[in-house]
Number of protein chains: 2
Amino acid sequence: MNFLPLPQAQILENMARLAYFRDWHPAQLARLAPHARQFVIEKQQPLIRKGAHADALYVVVSGQLRLFIPLTSGGERVVALIGQGESFAESCLVLNEPCPFEVVACKDSHVLSIDALIFRQELQQSPSLTERMLRIVSTRLLTTLRDVETCAQRSSMQRVACFLLQHRPAPDAEVFEIKLSARKLDIAAKLGLTQETFSRMLGMLGKQGLIRVRGSLIQVRDAGQLARINANAADPGQTPLGQ
Amino acid sequence: MNFLPLPQAQILENMARLAYFRDWHPAQLARLAPHARQFVIEKQQPLIRKGAHADALYVVVSGQLRLFIPLTSGGERVVALIGQGESFAESCLVLNEPCPFEVVACKDSHVLSIDALIFRQELQQSPSLTERMLRIVSTRLLTTLRDVETCAQRSSMQRVACFLLQHRPAPDAEVFEIKLSARKLDIAAKLGLTQETFSRMLGMLGKQGLIRVRGSLIQVRDAGQLARINANAADPGQTPLGQ
DNA sequence: CGTGTCGTTGAGCGCTTTCAACCCTGGTGG
DNA sequence: CCACCAGGGTTGAAAGCGCTCAACGACACG
């Protein structure tokens, strides 16, 4: 985790370029930039440990971070994968609570940080910033609840179907493509599965012709049938008993 | 779901009495009260269906509500149990998104509702209210993440241990009591377990002397050992093979 | 005292995990 | 150009664990 000795002008420019800061008040950005830093974090290096206090608001400039809860088995339960232009740990910052998950870089990444004290100060003085944070945290809560729904599915086949259908561009789209934004290992961990099980389920769906997998590219060819897997507890991949 | 024909003065008084509205601006309460209603909802009756838009901010005056995701198996995955003086679905209200869970009364309950439009209006005009909502939603997100952590535990024994330790009053408290705030059925569903498994795990812990169960009262007698169950993947409840 | 709800206990099955080996792909260097 | 290597992904076999179904027990309520 090396800080980049960037001049403030550069930092401010980087911030202005990020979609995340779009339509923040320019004056606000100018106030925050002097307390912002940018740094590089190498693949597999930790950024925040579980239980630590978040001392800044972090925004990913490039790369990808993995938020996860470490399991006793040595495994991980991925809570979120944070990509370019996203922030995280906002709720911890707001409440000044310890971080409930670990944060590690999936790949070499650039991250921008805004000092917590300064940010809270700005928060108190800026209703529009507060409103923005309310929106962000609300969105994250709904996303998390959707993930909970996916993981709540009893069978692993249903979880995978649920996951695939989350990427449906429209409620009636029957065919569409998904570009996996992370290693299958991490996605499996986000679904509460092992990578082996995830792989098997994708294989099964492939054999049925419902999807087509080529590396990290998945083509869904029959979303309706996929949705039916989710609805029926029955697994149509196995012997069609009576159906 | 019967609306109570309460005079506005009564509604306002009820609101003022609720801890939830403590230190809201009196003027604010006065503005909202005319658009608030109070109603009774009977045990097992639905309040909001999954996918519906929340048309109001709801606050529980008495009783208990169950927020859950329906599973294809007919079961439920409880997301939260909302008791007196708590609100819910704030994030849906803020983003005007459909509700990701069902809401049903656990017991006969009194609920207060504030019209969504009016509430959003007030939200825009009142930075302090926005800040309050930000705190509430942030808290709910952290709570949800803690629940995710519990459910992420591989073995059911670990989940139960995790659940019990969530009620530890202090990090070093070795003995303490827990009063279950809901039916064991619902708590099990919140842990992602069946009530049978939940019962079995409590039974095992009881036989080991780590806890003592009397109805909905659980006395934890050795929190340290309980924490160790969580840390070690090994289940000390079974035959001590080799240990 | 009967009734209904909730909780407990028991037995068997199916699924996911675990552990293992193997494959595939991209990158590197001779 | 090919051999080699490392990381990620796939596939196979075996075993453990939680779910399901079913019956019983406990308790509150009318």
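Throughout, protein chains are lettered first and strands after them, A, B, ... in sequence-line order, and every chain is numbered starting at 1.
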At what distance, to the nearest 0.5 angstrom, does CG of B/D108 lie from CD of B/Q45?
-> 9.5 Å
So does B/T194 get a side-chain nitrogen or oxygen closer than 4.0 Å to the phosphate oxygens (OP1/OP2) of D/dG18?
-> no
Atom CE of B/M157 and atom C1' of D/dC17: how far apart are they, to the nearest Å?
-> 12 Å
Between the two end axes of the helix from C/dC1-D/dG30 to C/dG30-D/dC1, each built from 5 base pairs, what angle do you get to the nearest 10°?
-> 30°
Which whole-number value in Å describes the distance from A/M201 CE to D/dG12 C1'?
-> 14 Å
Candidates C/dT16, D/dT20, D/dG9 - which lies nearest the side chain of A/L185 | D/dG9
Donor-acceptor under 3.5 Å (A/R159 side chain, A/Q153 main chain) | yes
N/O donor-acceptor pair under 3.5 Å between A/S91 side chain and B/L142 backbone = no
Nucleotide of D/dG8, C/dT8, C/dT16 approaching B/K184 most closely (side-chain heavy atoms) | C/dT8
To the nearest angstrom, the CG-P distance between A/L191 and C/dT16 comes to 13 Å
How are the rings of A/F88 and A/Y58 set relative to one another: parallel (under 30°), tilted (30 to 60°) or perpendicular (over 60°)?
-> parallel
B/E196 CD to D/dA23 P, in whole Å, measures 14 Å
Taking only the side-chain nitrogens and oxygens of A/S155, find out if one of them lies under 4.0 Å from OP1 or OP2 of C/dC15.
-> no
Take atom NZ of B/K43 and atom P of C/dG4, then tell me their distance rounded to the nearest Å.
-> 14 Å
Check ion pair B/R77-A/E149 (N to O, under 4.0 angstrom) | no
Between NZ of B/K207 and P of C/dT8 the distance, given in whole Å, is 12 Å
A/S199 side chain near D/dG9 phosphate (N/O to OP1/OP2, under 4.0 Å) | no
Toward the 5' end of DNA chain D, which comes first, A/Q195 or B/R200, by nearest nucleotide?
-> A/Q195
Value in whole Å for how far the P atom of C/dT16 lies from CG of A/L202 = 14 Å
Once you round it to whole Å, what is the distance between P of D/dC17 and CE of B/M204?
-> 9 Å
If you round to the nearest 0.5 Å, how far is CG of B/L202 from CD of B/Q195?
-> 12.0 Å
When you get a sec, tell me which of C/dT17, D/dC19, C/dT9 is the closest nucleotide to the side chain of A/T197?
-> C/dT17
Pick base, sugar-phosphate or nothing for B/G206, based on heavy-atom distances below 4.0 Å to the nucleic acid.
-> nothing
Indicate yes or no: does A/R168 engage A/E174 in a salt bridge with an N to O separation below 4.0 Å.
-> yes
